[in-house]
Protein chains: 2
Amino acid sequence: MTDIFFEVEKHSDHQKFLKGMELLYFAYRDFISWPDDVLQTYGFGRAHHRVLHFVGRNPGMKVAELLKLLSITKQSLSRVLSTLVEKGHIRQDIGDQDRRQRLLFLTDQGQTLLDKIAEHQKDHMLKAFEKAGGQSVEGFWKVLSALLADDNRDEILARVNKDMGE
Amino acid sequence: MTDIFFEVEKHSDHQKFLKGMELLYFAYRDFISWPDDVLQTYGFGRAHHRVLHFVGRNPGMKVAELLKLLSITKQSLSRVLSTLVEKGHIRQDIGDQDRRQRLLFLTDQGQTLLDKIAEHQKDHMLKAFEKAGGQSVEGFWKVLSALLADDNRDEILARVNKDMGE
DNA sequence: AAAAATATGTCAGTCATGTTGACATATTTA
DNA sequence: TAAATATGTCAACATGACTGACATATTTTT
C-alpha cells in the first residue's frame, strides 16, 4: 500500500479532484450493490434498506425526522414505509406526548432482516478498513465529514456519532 | 478537527461499520447532488454527467468500454448517449482499425458543459480536502480503493490513476 | 466465399424510486 | 373555536435502471 498513486503532493488540484470523484463513485457503487441480492429475495430495494437502517439506528424516530434525514418526500417514504409495516418489519407506535406522531421501531423480524442485509456490507467495509489501516480510516472519516453539505453537517454528524466515542 | 469521534481505536467494529456506512451515504449524496441545477438547465441528468465525465477522461473510448466501466446495459447507455450526440456534446468517430467501433470524444461544446458542471463539485471537493488535510486525503483514497469490488479493482484503479502520479 | 462472431443500435415493455400538488384526518396549540 | 401540525393518500409524472428480441455493418473463422 505504499504507492505513488496515493501520494497527495504528487497530484495537481485537478488530479486530486478527479481521483476523489472517481474513487468515490466506484467505491460507493461497489459497496452499495452488495446487499441487493438479499433485498431482492424479499422484494425490497435500497429505499427499504435505508429505512430499516435508520429506524434501527434511531428507535422511536418520528416520521418527520426520517423524512428530513433522508431528504425525500412524504410520498416516496410512504410507499416503502407502508410495505415494511405491512410485512411486519417496522412497528409504528402512537406518540405518548403527541398522539399525532407515529414513532418508528424495528420489530424482531425487521432487526433480523437488517442484520442479514448488513452482514456482507459489514464484512466488506471492515476488511477494507483493515487493509487500509487505522490512520487511513481516520482520514476517510474526516474527508467524508468535510464533504457533507455545510447547512446540515452538524445535524448529520450528531446522528452519525450518536452512541459512539467514549 | 481533533475530535474523539475520529479516533478509530475508540470504536467497536460495529461502530466503525456504522460510521463508515452512514458517512459514505451522506457525503456521497451531498457531493453528487451539487451539479443537478446546472444539469437540469440543459435537460440532462446524472447519467449524462457520467457519460460526459468518462468520455472526457478517456477520449476515443469505445462504446463497449464505457458500458463495462459504468456497468449498465446498452439500452440504458443508448438513451443518454444518443441525446448527447444529437445535441452536439459528444462526437462518435468510426474506428480506424475496426470500422464497427464508434470512438467517443467530447466536442468543444461538451467540454464546456462538463467544465461548467464540474465547477461546483471541484470546489466542494478541494475545500473538503484542504479542510481535512493531505494525510487524510491519502487515507480517503486508500479506503476507497480497498472498498472497490475485488474482481474489478485493478481495472478501476488503472483508470483512476491514468495520467497521474509523477 | 460462406458462416460465425462481434460492435453497435433500436424496439417495446417493466420496475424502483424519486418528484408535485391537492386533499383528508386526527390532534394540538393559539 | 380557529389555526397549525403530523401523518397519510390520491393521481400523475420523470429518470434511469432492467430484459429480451431483433437489425445492421463489419470482421474473423472455417
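Every value quoted in this text rests on a predicted model; they were computed, and no experiment measured them.
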Report the residue (Q97(A) or L77(A)) whose heavy-atom-nearest nucleotide on DNA chain C is the more 5′ of the two.
L77(A)
Which listed nucleotide (dC18(D), dT27(D), dA4(D)) is nearest to the side chain of S76(B)?
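Taking heavy atoms from C-beta onward, the closest nucleotide is dC18(D).
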Positional range of nucleotides in DNA chain C within the contact set of chain A, heavy-atom, under 4.0 Å
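It runs dT17(C) to dT28(C).
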Take atom [atom1] of [X] and atom [atom2] of [N], then tell me their distance rounded to the nearest Å.
X       : N       : atom1 : atom2 : result
R100(A) : dA4(D)  : CZ    : C1'   : 8 Å
I94(B)  : dT27(D) : CD1   : C1'   : 14 Å
Q40(A)  : dA17(D) : CD    : P     : 16 Å
Q75(A)  : dA11(D) : CD    : C1'   : 9 Å
R29(A)  : dG16(D) : CZ    : P     : 17 Å
L84(B)  : dG16(D) : CG    : P     : 11 Å

Quick one: do D96(B) and Q101(B) satisfy side-chain contact (heavy atoms from CB on, under 4.5 Å)? Show the steps, please.
CA-CA 8 Å; D96(B) 35 350; Q101(B) 298 173 348; 6.0 Å; no
Describe, in one word, how the ring planes of F44(B) and H89(B) are oriented to each other, choosing from parallel (under 30°), tilted (30 to 60°) and perpendicular (over 60°).
perpendicular
For the pair H124(A) and F31(A), name the ring-plane relationship: parallel under 30°, tilted 30 to 60°, perpendicular over 60°.
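Plane angle between 30° and 60°, so tilted.
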If Ile, Leu, Val, Met, Phe, Trp and Tyr residues are connected whenever their side-chain heavy atoms lie under 4.5 Å apart, and connections chain through other members, are L114(A) and L103(A) in the same group?
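Different clusters.
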Are F105(B) and I117(B) joined in one hydrophobic group, where the rule is that I, L, V, M, F, W and Y side chains link up if heavy atoms are under 4.5 Å apart?
no
Compute the ring centroids of H53(B) and Y25(A), then answer whether they are less than 6.0 Å apart.
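They do not qualify: ring centres at least 6.0 Å apart.
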Could you tell me whether Y42(A) and H48(A) have their ring centroids closer than 6.0 angstrom?
no
Do any of residues 52-74 of chain A sit with a heavy atom less than 4.0 Å from DNA chain C, and if so which?
S71(A), I72(A), T73(A)
Shortest non-hydrogen contact from K122(B) toward H14(A):
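The answer is NZ-ND1, 2.9 Å.
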Tell me which of Q101(A) and R79(A) sits closer to the 5' end of DNA chain D, going by the nucleotide each one is nearest to.
Q101(A)
Lys/Arg-Asp/Glu bridge criterion (N-O < 4.0 Å) met for E22(A), K162(B):
no
